[in-house]
Each structure stands twice: as C-alpha cells, then as structure tokens.
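Have a look at the structure below, then the notes.
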Amino acid sequence: MQVRPTHAIVAVTYRCNARCVMCDIWKKKGGPEMAPEDYLRLPSSLKEINVSGGEPLLREDIALVIGAMQQVCPGVRIVVSTNGLLPDRLDDLLARVEGVAVRVSLDGIGDLHGEIRGIEGAFDKAVKSLGVAGKRGVTDLGVCATMTRHNAGRVREIQDFARREGIQFTFTVAHSSEMFFGNKDSEQPSAEAACEDIIDIKGRLYDSRSVKDWFRAYFVEGLMDVLKGRPRPIDCRAGQDFFYLDPEGKVYPCHLWDKEMGNLLDKTYEEIVSSKPGVIDAVGRCSKKCWMTCTVAPEMRRKLLIYAARVAWAKVLYHAGKVRRLK
C-alpha cells in the first residue's frame, strides 16, 4: 500500500507547564524524546505539521527540531501550538526560525482562561505571546479554543477577541483519549449549552468575506452534529492522509486511537503502514464520535472541489434561513 500522508500532529514532548481541566498530558511521566535529527525520518510528503506537546517550547532544542522538519519536508506549513505561558521562549524561537505559523491556546477571556488552564495569570501571558509573535512578523497567527462545560456559551467572547486583534480563530470541543487527553467525557459541554455558541460562531463565519472562514463554518456545523450524536459527516482517513507521532517516535493513526502502528525510529512511515494493514481497515470501522481539524481538513483538501461545492451550498442555505428569520 502506497501511502503519502499530508498532515501530522507531532508531539515533541509530553512535558507541560499547564494544568488544564480537559487534558491530562501534564500528569504523564517524562520519557525519552526524539533527537532533532530523528525528525529527518518524517515522510517528505507532509504539507502541514502541527508541532504540539505537552508544551513544545519546553524543549530547549525546539528550533533544531523545526529546522529538521523544514529540511525533510520542503514547503511544509509548520504550526507551533503553544499554551502561551512562555512568551520569552516563543520570542527566542521566532528569532531563530522563519516561516512558521503560531497558534496560542485561549479558552476564555481574563480569569476564566486561567481557571481552565489551571494557571493564574495565564490570560495575560497568552496575550503577551500573541504580541511577541506579531512583533516577530508572524502573519499566520491565531488562537485556538477548546469548548468544555466550563466555557460553553462564552467561546464567542474569544472569537470577538480574535476579531479585535485581527488574528485567526478556531475552536473544537473537549475529546477523550486514553493515550492523549485522558478520559474527559465529564468535561464535554452538553449539546444544549454549546449550541447557542456554535450557531452564533457559525453565522459570523458564514457572514465573513473570507473563503477560509466559510470552510471553518462548515467544520463548526460538524461539531454540532457530533454533539447531537449524529453520524460523522466526513470520512476519516487517519493513518493514510494523517497520523500522530509521539515524543518517542511511536506512530498512531490519530491521537485519539490507542493503537500503535510502529516506531519511526525503526521503519519508514510507508513500511509501518505496510506492516499494519489491519489498522487502516479498522479506522474505516471506527465508531469514535470525534470531529477534529486534523482529520477533517486533509479529507476536505483531498476532495476540494466536492467540499467547496458543499460549503457554498451550506452558505446559501444559511443566508436563505437568515432572510426568512428577518421576515
């Protein structure tokens, strides 16, 4: 089976300096971490890498790690996902690497963000990190929110903040994962509490002049489907178009599925997939009710014309409904 993945989440460390209510990574014991040169083993077909953790800025050699990724994957879009608690380290990184995107986690405005992240003053540090990235000339800059039972109904405030700052905004809902987040079913928002937020956020995105925002609105509609227990509206091709790599080199179809496929330090990605064809088949039968950009975006890009038509039609229906409501 020839597989050329285009997207990956790469957790470069499980060390974390936050204490988030919707994630237990900070409880993991520290283990071995791939050396910068080990990342030269990544498949060169990757078009987008989300550099995550833990908190990636806790690695003192993070600039070398990213440099190796850029070397092996020419033209790759690298997104540094940070909790924003280390603005000085972010400044140092951006002084040493070029052409990266930055996403700062933001789950509320003011004290609410600190309560969810378990760190007093977290909001001010996140704002400072955004300022650092802006001063360093990062144009692909934004905030990412996770909707939980704690902030359902207030995620629109984060979207308002992003609009005022002229930066991008994305969000998802809390997910459970044995290997990554832990069991977080209790942190997921109820559909009733989340829907008003989601409907408003979706409407603002469809009203935008940005085509990218229209696709984000379509993604947001999928969040509502999942929260209401409806079938996943887009097929999942985890393990083929997307994979998750942990700090030790272990490869998984995604970060929600605790089924290791192999280790990148021992085999190439294609060899790993070829040796575990059953995992890919199992993904096709997956019953997990997940809806995350890491598996949705690659499929939408793979069938861009089809989904562009669906997004356009969804936008038409939204505006038609808006006209009816005004009447």
Side-chain angles (χ1 to χ4, degrees), residues 1-15 23-25 28-54 56 59 65-66 68-69 71-73 76-79 81 172 175-184 232 234-302:
M1 177 187 296
Q2 185 176 19
V3 176
R4 293 183 60 78
T6 56
H7 291 64
I9 289 180
V10 177
V12 296
T13 183
Y14 277 151
R15 289 176 285 153
C23 178
D24 288 341
I25 285 180
K28 288 179 177 287
K29 295 181 179 179
E33 296 174 353
M34 291 173 63
E37 59 270 20
D38 292 333
Y39 290 94
L40 294 172
R41 300 181 63 86
L42 285 167
S44 61
S45 58
L46 290 174
K47 302 299 182 186
E48 182 168 315
I49 301 174
N50 183 344
V51 178
S52 182
R59 283 196 62 150
V65 169
I66 291 174
M69 294 176 178
Q71 180 181 336
V72 74
C73 304
V76 67
R77 176 177 180 251
I78 291 180
V79 182
S81 295
T172 187
H175 282 70
S176 287
S177 168
E178 293 179 12
M179 58 175 284
F180 200 72
F181 301 116
N183 185 344
K184 293 299 172 181
R232 179 187 170 102
I234 292 181
D235 292 337
C236 179
R237 286 171 52 87
Q240 298 181 73
D241 298 336
F242 165 83
F243 67 90
Y244 167 71
L245 180 68
D246 86 351
E248 297 182 26
K250 297 175 184 176
V251 175
Y252 300 82
C254 76
H255 56 311
L256 302 185
W257 192 322
D258 192 14
K259 292 186 185 296
E260 181 186 343
M261 297 169 66
N263 196 299
L264 200 62
L265 298 179
D266 301 325
K267 299 178 180 178
T268 66
Y269 188 78
E270 188 165 329
E271 289 171 341
I272 289 172
V273 173
S274 297
S275 67
K276 292 288 182 69
V279 174
I280 301 300
D281 293 338
V283 168
R285 301 188 300 273
C286 177
S287 60
K288 292 180 182 291
K289 294 186 179 300
C290 71
W291 187 250
M292 304 189 79
T293 54
C294 55
T295 52
V296 174
E299 177 65 1
M300 292 182 74
R301 290 173 183 172
R302 191 174 74 92

Trace of the side-chain contact (heavy atoms from CB on, under 4.5 Å) decision for D246 with Y252: CA-CA 8 Å; D246 86 351; Y252 300 82; 4.2 Å; yes
With sequence neighbours excluded, residues passing ring-ring contact (aromatic ring centres under 6.0 Å, His included) with F243: Y269
Under the side chain to side chain contact (heavy atoms under 4.5 Å, CB included) test, residues paired with S44 that sit two or more places apart: none
For S45, the side chain to side chain contact (heavy atoms under 4.5 Å, CB included) test, sequence neighbours excluded, returns R4, P5, P43
According to side-chain hydrogen bond (donor to acceptor under 3.5 Å, both in side chains), who are the partners of S81, at least two apart in sequence or on a separate chain? N50
For D38, give me all partners under salt bridge (Lys or Arg N to Asp or Glu O under 4.0 Å), at least two apart in sequence or on another chain. none
Without swapping roles, check the side chain of E271 against the backbone of T268 for a donor-acceptor pair under 3.5 Å. yes
side-chain contact (heavy atoms from CB on, under 4.5 Å) between E33 and R59: does it pass, once the steps are laid out? CA-CA 10 Å; E33 296 174 353; R59 283 196 62 150; 3.7 Å; yes
Carefully, step by step, assess V12 and M34 under the rule side-chain contact (heavy atoms from CB on, under 4.5 Å). CA-CA 7 Å; V12 296; M34 291 173 63; over 6 Å; no
Which heavy atom of A11 sits nearest a heavy atom of Y39, and at what distance? O-OH, 4.4 Å
Name all residues meeting the side chain to side chain contact (heavy atoms under 4.5 Å, CB included) criterion together with T6; count only those two or more places apart in sequence or in a different chain, and write none if there are none. K47, D241, P298
Those residues that, when tested against R41, pass salt bridge (Lys or Arg N to Asp or Glu O under 4.0 Å) (two or more places apart): none
Apply salt bridge (Lys or Arg N to Asp or Glu O under 4.0 Å) to E260 and list each qualifying residue two or more places apart in sequence or on a separate chain. none
Please enumerate all residues that pass ring-ring contact (aromatic ring centres under 6.0 Å, His included) together with F242, with sequence neighbours excluded. none
In chain order, what residues pass the side chain to side chain contact (heavy atoms under 4.5 Å, CB included) check against C236, with sequence neighbours excluded? R232, A238, V283, T295
For R301, the salt bridge (Lys or Arg N to Asp or Glu O under 4.0 Å) test, sequence neighbours excluded, returns E48
Residues that D266 engages under side-chain hydrogen bond (donor to acceptor under 3.5 Å, both in side chains), provided they are two or more places apart: none
